[in-house]
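Chain naming here is simple, since letters A, B, ... match the order of the sequence lines and numbering starts at 1 in each. Everything numeric in this text was worked out from a predicted model, so none of it was measured.
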Number of protein chains: 4
Amino acid sequence: MRHERNVWVVGGDMRQAKLAELLFDDGHTVHTWALEGTEEGPVRAPDLGEAALADCVILPLPAAGEGGRLNAPLSQERPPLTQVLDALRPGQVVCAGKVGRELLDQAKERGLRLVDYFTREELAVANAVPTAEGAIQIAMEELPVTIHGARVLVLGFGRLGKLLAHRLNALGARVSVAARKWADLAWAEAYGYGAEQIERLDGYLCGYDLVVNTVPVRVLDAERLADLRPGCLVIDLASKPGGVDFEAAVRQGVRAIWALSLPGKVAPVTSGKIIRDTIYNIWNELGV
Amino acid sequence: MRHERNVWVVGGDMRQAKLAELLFDDGHTVHTWALEGTEEGPVRAPDLGEAALADCVILPLPAAGEGGRLNAPLSQERPPLTQVLDALRPGQVVCAGKVGRELLDQAKERGLRLVDYFTREELAVANAVPTAEGAIQIAMEELPVTIHGARVLVLGFGRLGKLLAHRLNALGARVSVAARKWADLAWAEAYGYGAEQIERLDGYLCGYDLVVNTVPVRVLDAERLADLRPGCLVIDLASKPGGVDFEAAVRQGVRAIWALSLPGKVAPVTSGKIIRDTIYNIWNELGV
Amino acid sequence: MRHERNVWVVGGDMRQAKLAELLFDDGHTVHTWALEGTEEGPVRAPDLGEAALADCVILPLPAAGEGGRLNAPLSQERPPLTQVLDALRPGQVVCAGKVGRELLDQAKERGLRLVDYFTREELAVANAVPTAEGAIQIAMEELPVTIHGARVLVLGFGRLGKLLAHRLNALGARVSVAARKWADLAWAEAYGYGAEQIERLDGYLCGYDLVVNTVPVRVLDAERLADLRPGCLVIDLASKPGGVDFEAAVRQGVRAIWALSLPGKVAPVTSGKIIRDTIYNIWNELGV
Amino acid sequence: MRHERNVWVVGGDMRQAKLAELLFDDGHTVHTWALEGTEEGPVRAPDLGEAALADCVILPLPAAGEGGRLNAPLSQERPPLTQVLDALRPGQVVCAGKVGRELLDQAKERGLRLVDYFTREELAVANAVPTAEGAIQIAMEELPVTIHGARVLVLGFGRLGKLLAHRLNALGARVSVAARKWADLAWAEAYGYGAEQIERLDGYLCGYDLVVNTVPVRVLDAERLADLRPGCLVIDLASKPGGVDFEAAVRQGVRAIWALSLPGKVAPVTSGKIIRDTIYNIWNELGV
């Protein structure tokens with residue numbers, strides 16, 4: 001259905017390797033560089049000499065590694081990002097993840113059409129699925145009880161909170177959701193979960209076997225951690241600075257796990273698919 | 001837990017009658033006027049003489065009936081809304097549904113603290129539950145096949161689309177969601193439904209036994225209606241102007257049902273509870 | 001995939017009419033007699049003259065109407081069943097529903113290979129789906145609250161109890177199951193429902209908004225009906241003698257609905273499909 | 001509600017340790033012997049001197065370890081089982097798991113009322129929950145894709161197959177069930193899964209990302225293993241001899257995991273609760 005395109009996947013981890021294979025399987029001409037993880041399919045280019053011919057060049061997530069170099073953990077090559085950009089042609093479509101100000105400026109100087117796929121809402125939604133599964137996997141590994149029948153509190157009811165509560169409930173947990181906004185609490189009730197105002201949790205935290213935080217705000221401070229029942233597991237999915245006072249947790253003997261970047265870790269193939277789908281959407285919009 | 005309050009419920013249909021009873025059951029002092037549907041509990045006031053003493057006066061949904069009169073279908077009384085407002089005191093909290101510009105101005109002139117509970121997000125979310133159930137009830141009544149195994153298309157993935165798809169899927173339907181935004185399609189996939197771009201439906205509509213529209217835009221025009229398979233049922237839940245060309249549907253022999261205001265019709269008690277919960281939230285915020 | 005067969009569908013209601021159409025759609029040669037409900041597709045035979053040529057003759061559910069006549073509510077023809085059987089050839093495969101002793105003997109005398117499709121376990125399981133949906137439809141129509149959030153008691157946890165509890169739970173009801181056997185209670189818990197011993201219900205029945213019985217034993221006698229909360233709806237799905245003392249219910253003002261034979265009523269097309277699938281299984285086993 | 005009983009828990013692993021604590025928490029007087037895993041609560045008896053006073057003595061699962069000795073992995077004590085039985089009094093109720101012929105005879109000689117809790121249907125059902133979760137945990141750990149969206153085949157639709165398919169489906173997998181009996185296939189369809197005849201799988205096995213076997217019969221032989229797509233994960237939950245030709249799997253490079261006794265491994269506390277509930281049922285029946 002889609003016509004074949006010429007794509008270069010430059011740098012990245014297993015997600016980009018899978019992405020390259022998936023693009024190849026869809027019938028595109030795919031070259032990789034600074035990405036040694038792919039199996040048969042995509043062609044490994046010796047250098048970036050022909051990258052300027054590509055309909056789209058895909059950089060990793062995040063695009064930049066240390067010291068302004070390409071993020072390329074699977075490769076011997078770690079050239080400066082500017083070296084990659086210099087190999088491209090003005091007007092060329094470049095997709096990259098977590099684009100910082102520096103890369104943005106560099107792309108602009110060279111007249112590249114740079115799109116950050118990590119800022120796309122559909123990628124964030126899709127990534128919440130492997131994140132939720134990863135959290136459940138951790139809970140299964142750590143808890144001496146089944147998810148079924150466990151009393152679970154999900155802090156926050158955004159993307160991740162919604163998909164996580166859905167799965168926990170489906171596995172038979174007794175799920176409560178704590179949120180700040182009335183509308184979020186109404187959503188929690190509409191899906192059949194218990195709904196608690198996050199400001200009024202004090203004194204009730206002893207009722208849970210598992211607490212999963214999705215809010216990037218310090219919701220579980222020392223005082224609230226002290227309220228948890230012995231053996232309660234805490235999983236924090238919030239990006240930095242996180243929602244848990246981990247030092248207090250250690251002091252108080254609370255098992256608290258800060259689980260970040262789960263999609264790439266627990267489901268690299270799915271992560272590659274998610275990036276592919278998002279890039280297809282970008283192409284669709286840009287007319288690539 | 002909550003302290004007892006003095007509440008007047010003035011006008012309205014069965015939802016307000018149930019609301020008055022529920023407030024009474026929660027321990028509040030409740031008077032009704034122009035609302036003859038309540039059973040034991042609330043006191044029916046002979047007039048509005050003491051309404052100015054109330055902590056909160058609750059007007060119906062919508063507050064205004066025809067000709068600027070109070071919406072009071074269960075009562076003999078249909079006074080002008082201004083007459084009701086004149087009985088209140090400046091600074092008094094008044095909750096009303098679907099407040100129009102006129103009522104807004106009248107309340108302002110009299111110094112009333114008027115809050116429209118129908119604009120509250122949490123009420124909209126909660127109301128989507130009885131609306132979704134009502135749509136399913138209609139589908140069960142009208143279709144000669146079970147929901148289980150039926151191929152269903154839900155148009156739109158906002159509040160109502162989400163809760164409706166959730167329930168249809170749970171009943172065993174094969175649910176596809178059509179939406180415009182990539183993020184909404186990602187949501188649909190994250191919940192396990194089929195996802196279709198709403199612009200690309202043409203030619204695929206023949207695959208469904210049931211199509212439910214939630215988008216207040218003409219998505220099912222004559223051409224698309226002609227694409228439906230014989231016997232396909234169409235339910236339109238979108239408020240005016242609706243999403244279906246009903247005249248074309250009649251001409252083409254498509255069964256299309258425009259189902260509006262379902263919460264009050266299919267679940268008046270639940271509707272009363274939803275209004276009560278929203279009013280509690282308003283009180284909480286206003287410090288009533 | 002299946003090779004085309006010569007099938008006669010003789011007598012029956014809308015389910016048999018749909019069955020005939022479905023068999024036609026699958027590529028079989030289909031004749032009907034004493035069944036005027038079919039639309040284009042199957043051929044209406046003027047008489048049973050060529051029925052003896054069929055690979056399989058399908059009689060209704062139940063096969064026998066009043067006075068030993070064919071059950072043929074959609075037709076002018078109501079011949080004695082023996083007249084139908086006399087038109088067939090020894091060794092011919094005949095599928096019929098709810099076969100009584102008399103029909104069994106008559107078929108044996110004529111050397112027919114008679115199979116009762118209604119006794120098949122897979123048909124009973126499949127029929128539990130439209131029965132469960134029908135019960136939910138009734139509950140939606142009758143209750144002033146949503147299924148979502150309603151407290152529901154399901155009496156019995158066999159086929160119907162399982163599929164009904166599954167759907168009610170999926171719609172957001174708080175489902176409890178009452179059963180006699182420990183293993184059934186363990187099943188209920190494994191699926192995440194409350195579990196109550198049926199012998200110990202006394203005193204707890206006031207906690208439900210809806211009680212659905214699936215046990216063909218008098219579980220809801222006058223005393224237990226008196227325990228129900230005002231407004232509680234009772235739906236009895238058990239075949240005769242049923243599980244509810246309906247006279248006591250009337251006396252005590254309890255709304256109790258005895259809903260029998262729901263599949264044919266709420267979903268005739270699905271019912272036709274279920275019979276078709278079962279007949280395919282029978283053919284598969286008999287080598288038709 | 002229950003009156004306090006005198007219970008001895010003798011031998012066993014973490015499940016019995018948890019069991020002892022749970023019984024203590026329910027208000028019973030609990031002694032343990034040959035079981036050093038318990039924390040505060042139950043009293044560790046120095047010997048079996050007062051065990052004859054117990055209302056019930058609980059032996060492990062399995063009761064017998066090597067050489068006719070008590071199964072007591074957490075203890076220094078490993079007396080012959082006969083020594084334990086000799087300490088008890090005729091007529092005393094003894095609950096034990098996986099009772100063999102030898103123990104049965106020994107108990108009979110001593111006039112003990114021995115009940116095997118492992119043969120109880122409700123325990124088998126309840127144990128299927130942690131087994132299903134354990135299988136999902138393994139799949140999450142091993143697969144590079146999410147369960148969500150994965151194509152999964154469940155072989156067998158008994159207790160375990162039902163609860164496993166339920167959870168996989170809830171997590172967003174596309175679940176197919178293969179079974180032999182038509183009624184089981186009808187069940188699978190009634191719950192909304194794909195249904196495949198187990199005899200007709202050949203040629204279709206390439207369509208799955210995950211195959212979980214629950215049938216204790218060699219269903220996945222070398223030929224069928226060869227049909228699987230590269231990267232497909234096989235989990236065998238069937239007790240010996242299992243359903244997979246593991247030697248062929250190794251030869252052919254198929255990842256196949258034989259996961260036995262999951263409940264005690266993945267959820268020892270839940271396992272303890274399940275045994276407790278079953279013992280309560282036994283007491284209820286025996287009038288202990």
Side-chain angles (χ1 to χ4, degrees), chain C residues 1-2 115 117 119-133 157-167 169-170 177 179-193 195 197 199-200 203-204 263 270 273-286, chain D residues 1-2 115 117 119-133 157-167 169-170 177 179-193 195 197 199-200 203 263 267 270 273-286:
Chain C
M1 199 156 39
R2 298 176 182 282
V115 183
Y117 51 81
T119 62
R120 305 276 298 198
E121 174 81 0
E122 74 266 31
L123 183 135
V125 171
N127 260 344
V129 173
T131 303
E133 278 200 16
F157 206 56
R159 280 190 294 263
L160 186 48
K162 280 197 178 71
L163 292 178
L164 181 61
H166 180 74
R167 281 153 176 76
N169 180 62
V177 169
R180 203 174 44 76
K181 287 193 270 181
W182 302 117
D184 282 345
L185 297 176
W187 269 116
E189 286 182 356
Y191 278 113
Y193 318 135
Q197 265 203 287
E199 292 86 358
R200 300 191 186 165
Y204 293 95
T270 300
K273 280 184 188 165
I274 291 169
I275 298 173
R276 177 200 61 185
D277 291 345
T278 305
I279 282 171
Y280 282 166
N281 293 347
I282 293 169
W283 290 355
N284 182 297
E285 289 171 10
L286 296 183
Chain D
M1 197 158 43
R2 298 176 182 283
V115 183
Y117 52 79
T119 62
R120 304 276 299 196
E121 174 81 1
E122 74 266 31
L123 183 135
V125 171
N127 260 345
V129 172
T131 303
E133 279 200 17
F157 206 57
R159 280 190 293 264
L160 186 48
K162 280 197 178 70
L163 292 179
L164 181 61
H166 180 74
R167 281 152 176 78
N169 180 63
V177 169
R180 204 175 41 77
K181 286 192 271 181
W182 301 117
D184 283 344
L185 297 176
W187 269 116
E189 286 182 356
Y191 277 113
Y193 320 134
Q197 266 204 287
E199 292 86 357
R200 298 192 187 165
T270 300
K273 281 184 189 165
I274 292 170
I275 297 174
R276 178 200 59 184
D277 291 345
T278 305
I279 282 171
Y280 283 166
N281 294 347
I282 292 169
W283 291 354
N284 182 296
E285 289 171 11
L286 296 184

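- What you find for C:Ala186 and D:Glu122 is that their closest heavy atoms are CB-O, 3.5 Å.
- Distance CH2/D:Trp182 to OG1/C:Thr278: 10.0 Å, rounded to 0.5 Å.
- Comparing D:Val129, D:Asp277, D:Leu163, D:Ile274 by how many heavy-atom pairs each has under 4.5 Å with chain C, the most go to D:Leu163.
- When heavy atoms are compared at a cutoff of 4.5 Å, C:Lys181 does not approach chain D at all.
- Between D:Asn281 atom CG and C:Gln197 atom CD the span is 7.5 Å, to the nearest 0.5 Å.
- When all heavy atoms of D:Ala190 and C:Val125 are compared, the pair lying nearest together is CB-CG1, 4.3 Å.
- D:Tyr191 and C:Tyr191 have parallel rings, their planes meeting at less than 30° on a 0 to 90° scale where 60° marks the start of perpendicular.
- With a 4.5 Å cut-off on non-hydrogen atoms, C:Arg159 touches chain D through its backbone and its side chain both.
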